[in-house]
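Sequence lines set the chain letters: A, B, ... in the order given, protein chains first and strands last, and positions in each chain run from 1.
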There are 2 protein chains.
Amino acid sequence: MVRGVRKARLADVAARAGVSRTTASYILNGRSAEMRISADAVDRVRSAVVDLGYRPNRTARSLRTARTGTVGLVSDSVASGHFASRMLTGASAAARESDLLLLVGETDGDPLVERLLVDQMLDQGVDGIVYATLRHREVSVPLALAQSRAVLLNCVDPASGLPAVVPDEVGGGRSAADLVARCAGPVVVVGDEAEQGSYAGAMRLAGLEERLGELGRTIADVVRCDWTVPAARDAVSCWWTPAARDGALVCLNDRVAMGAYQALAAHGAVVPDDVAVVSFDGSDLAGWLTPTLTSVALPFVALGARAVEVLLAPPGSHAPVTRLAMPVVRGGSVPAAAAVTPGSAG
Amino acid sequence: MVRGVRKARLADVAARAGVSRTTASYILNGRSAEMRISADAVDRVRSAVVDLGYRPNRTARSLRTARTGTVGLVSDSVASGHFASRMLTGASAAARESDLLLLVGETDGDPLVERLLVDQMLDQGVDGIVYATLRHREVSVPLALAQSRAVLLNCVDPASGLPAVVPDEVGGGRSAADLVARCAGPVVVVGDEAEQGSYAGAMRLAGLEERLGELGRTIADVVRCDWTVPAARDAVSCWWTPAARDGALVCLNDRVAMGAYQALAAHGAVVPDDVAVVSFDGSDLAGWLTPTLTSVALPFVALGARAVEVLLAPPGSHAPVTRLAMPVVRGGSVPAAAAVTPGSAG
DNA sequence: TTGGGCTGCTGATTCGATTCAGCAATGCAC
DNA sequence: GTGCATTGCTGAATCGAATCAGCAGCCCAA
């Protein structure tokens, strides 16, 4: 434990103010009215606190109160993800909001490390644990977690009964549909919807199809490929046909869109004049491309913040699964004329 | 504090094993030999631990020992950075290695939040604090930090006397020089070396110039622009001249290189046949470009890990500033023939 | 037979707060 | 002047472990 100089204790404050430790404690915990402490005593204690630079020892307080003012965040690799780390940012900010500190640990997907980490956090006495995953998927949490106060972030575990906070991928798919519903040519999906055992692909596709149907349109084709730049480039390049002109590519994430851009450029097709491109994730990459990419964003910061809020709320005060909207980040890759007002009948 | 069932205490273990709390404590702390505890007593205590599922209360232990088994990481925005969050990964892993947990907090550059966060962590009783910045730069840490056990990560504070762990930007610049030293045309730098008040640009440029000089070459030109894709695209596009053929662009970071790629493509110049491109950072982006980018990488994971190691080492056992090498991540943007063996006389 | 040393343990205190139960002093009603 | 509330505080226990100082019991040597 770091110590600058010898720290003042509550007893020192009490002595200097000429009151008992009990009285000083009541005053510092805002219970002076309830305990009918005189204004004079309150003043003396407060100035003693200032004079001595007193700061309460949180460890001692924790021992007594069984609360530590910390929450844990266990993730498979949240911090490493080039955008998923924003969940951490949101969680950290929400924790600060409630004067809590955030204990983080990465498991790298190793179940053993995961158990150790959860146990260690519980031993430390965290007031709750957020269990986060890089990809939106189904998980099976360690027993110790299921038995404690915890919230799932970007994943669900039907067996555990723990509350979860996830992006509304289906709604995101519907937003993508709205963006391209009026384009003249075919709507084509790029990316394998079963990528990486994640929910994202299938749900985005489902939302897209659902909303296109409502608007009287269909998905003309699905160009399957891994969610990487080179795979998408090659796949789109092979698939490309002049018949696709005036249509739209709905890319299942931004890297896929980057690959699609490269392929389209190689074929001399101009975005957005010849083809509209929409994608998902809303990563920084979307802003680096030319033209900038219109992307349905994963609200990572909000997800992280909400997870902590749900964790701190009284158990049962939230729906089992909280779905956060995926906002559209507008770029220059979709002509305005192709879009429909969200929610309209088309 | 999360509680599944009522937890067993040391007293329960001692009672079940038929020994005193003292004896049980010595055994669990590995002092049974020193304290001449009989093998029989040791066995009884160990099985009592298993039977009761005993886990020591870290809070109580901390109160007594004045050590908490946690280290803090305060950053301006480490987690949000799309690659700087890797520092967190490294720090987290190093902390786990020593059975410590990592408390993280982001300040968003707000000095008030910074002070509050540092104080809160010190109140929590962290065993040390890592103070990290997104950009390599000079900082002035809060007084409370300077007086406690702390290490600077990716920044330096000459006034505080705290040890620092930073990337070896000058060495990185030298590596870049080695990569392009033998190209036939001019070596041109892209990016403003004074970008964002960071040390990175100036030091990279200095290393580049120094090593090029040793090899009998010079920097032909510096194309100044912000470190962003569009700024670099425009700047390179304006600057481009056929005289630059067979030369090399040294981009001060990967986003600048991406902009340069776009400009070169627009002018019909092919990488690496017409122009070699080298950059810095080693971000994921380097792998997404075509051809893949050769980049001198910031060793973020190693930086984070080393910072924690320095923090835990006895004070004074490390140099005031630890510089970690920037490894070259090879891509396809530099012809092999352009390179020189590092360290050779040219 | 007594003094010293070794073995194998334990009682009591401590860390620094929170909090229950209670107590002296005063005021007020009757 | 007795009884009862109210005011304004305090003593002591408590949280769960770590650890210092010490204490029986036994053996062996002088």
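Identified under the salt bridge (charged side-chain N to carboxylate O under 4.0 Å, His left out) test for residues 132-141 of chain A, with sequence neighbours left out: D76(A)-R137(A). Residue pairs meeting the salt bridge (charged side-chain N to carboxylate O under 4.0 Å, His left out) criterion with at least one partner in residues 303-322 of chain B, sequence neighbours excluded, are R306(B)-E309(B).
When rounded to the nearest whole Å, the span between CG of L63(A) and C1' of dT14(D) equals 9 Å. Taking atom CG on L52(B) and atom P on dG16(D), their separation rounds to 14 Å, with Å as the unit. Distance R67(B) CZ to dA17(D) C1': 15 Å, rounded to the nearest Å. The distance between atom CZ of R31(B) and atom P of dC9(C), rounded to the nearest whole Å, is 16 Å. The distance between atom CG of D123(A) and atom C1' of dA17(D), rounded to the nearest whole Å, is 13 Å. In this structure, CD of Q124(A) is placed 14 Å from C1' of dA17(D), rounded to the nearest angstrom. Computed from coordinates, the L10(B) CG to dT19(D) P distance equals 12 Å when rounded to whole Å.
By the salt bridge (charged side-chain N to carboxylate O under 4.0 Å, His left out) test, R31(B) is found to be paired with E34(B), residues two or more places apart in sequence or in another chain being considered. For S92(A), there are no side-chain hydrogen bond (donor to acceptor under 3.5 Å, both in side chains) partners at least two apart in sequence or on another chain. Scanning for salt bridge (charged side-chain N to carboxylate O under 4.0 Å, His left out) contacts around D157(A) gives an empty result, with sequence neighbours left out. Applying the side-chain contact (heavy atoms from CB on, under 4.5 Å) rule to R36(B) yields no partners; only residues at least two apart in sequence or on another chain are considered. Every residue meeting the side-chain contact (heavy atoms from CB on, under 4.5 Å) condition with H318(B), not counting sequence neighbours, appears here in chain and number order: V310(B), A313(B). Listed by chain and residue number, R21(A) satisfy the side-chain contact (heavy atoms from CB on, under 4.5 Å) test with A11(A) (two or more places apart in sequence, or in another chain).
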Just the atom pairs and distances: protein N or O near nucleotides 4-8 of chain D's N or O, under 3.5 Å.
from	atom 1	to	atom 2	distance (Å)
dG8(D)	N7	R36(A)	NH2	3.3

Name the pairs: protein N/O against N/O of nucleotides 25-27 of chain C, kept only if under 3.5 Å.
none

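Applying the 4.0 Å criterion to OP1 and OP2 of dG16(C), one finds that R64(B) has every side-chain N and O outside that range.
With hydrogens and angles left out, the side chain of R61(A) and the base of dT18(C) share no donor-acceptor pair within 3.5 Å.
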List the atom pairs, donor and acceptor, that lie under 3.5 Å between side-chain atoms in residues 44-54 of chain B and the rest of the protein, sequence neighbours left out.
from	atom 1	to	atom 2	distance (Å)
R44(B)	NE	A17(B)	O	2.9
R44(B)	NH1	D40(B)	OD2	2.6
R44(B)	NH2	A17(B)	O	3.3
S47(B)	OG	D43(B)	O	3.0
S47(B)	OG	R44(B)	O	3.2
D51(B)	OD2	R16(B)	NH1	2.5

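A salt bridge links R55(B) to D123(A): at least one charged side-chain nitrogen sits closer than 4.0 Å to a carboxylate oxygen.
Contact check of residues 19-29 of chain B against DNA chain C (heavy atom, cut-off under 4.0 Å) returns V19(B), S20(B), R21(B), T22(B), T23(B), Y26(B).
The side-chain heavy atoms of L100(A) and D127(A), taken from C-beta on, include a pair separated by under 4.5 Å.
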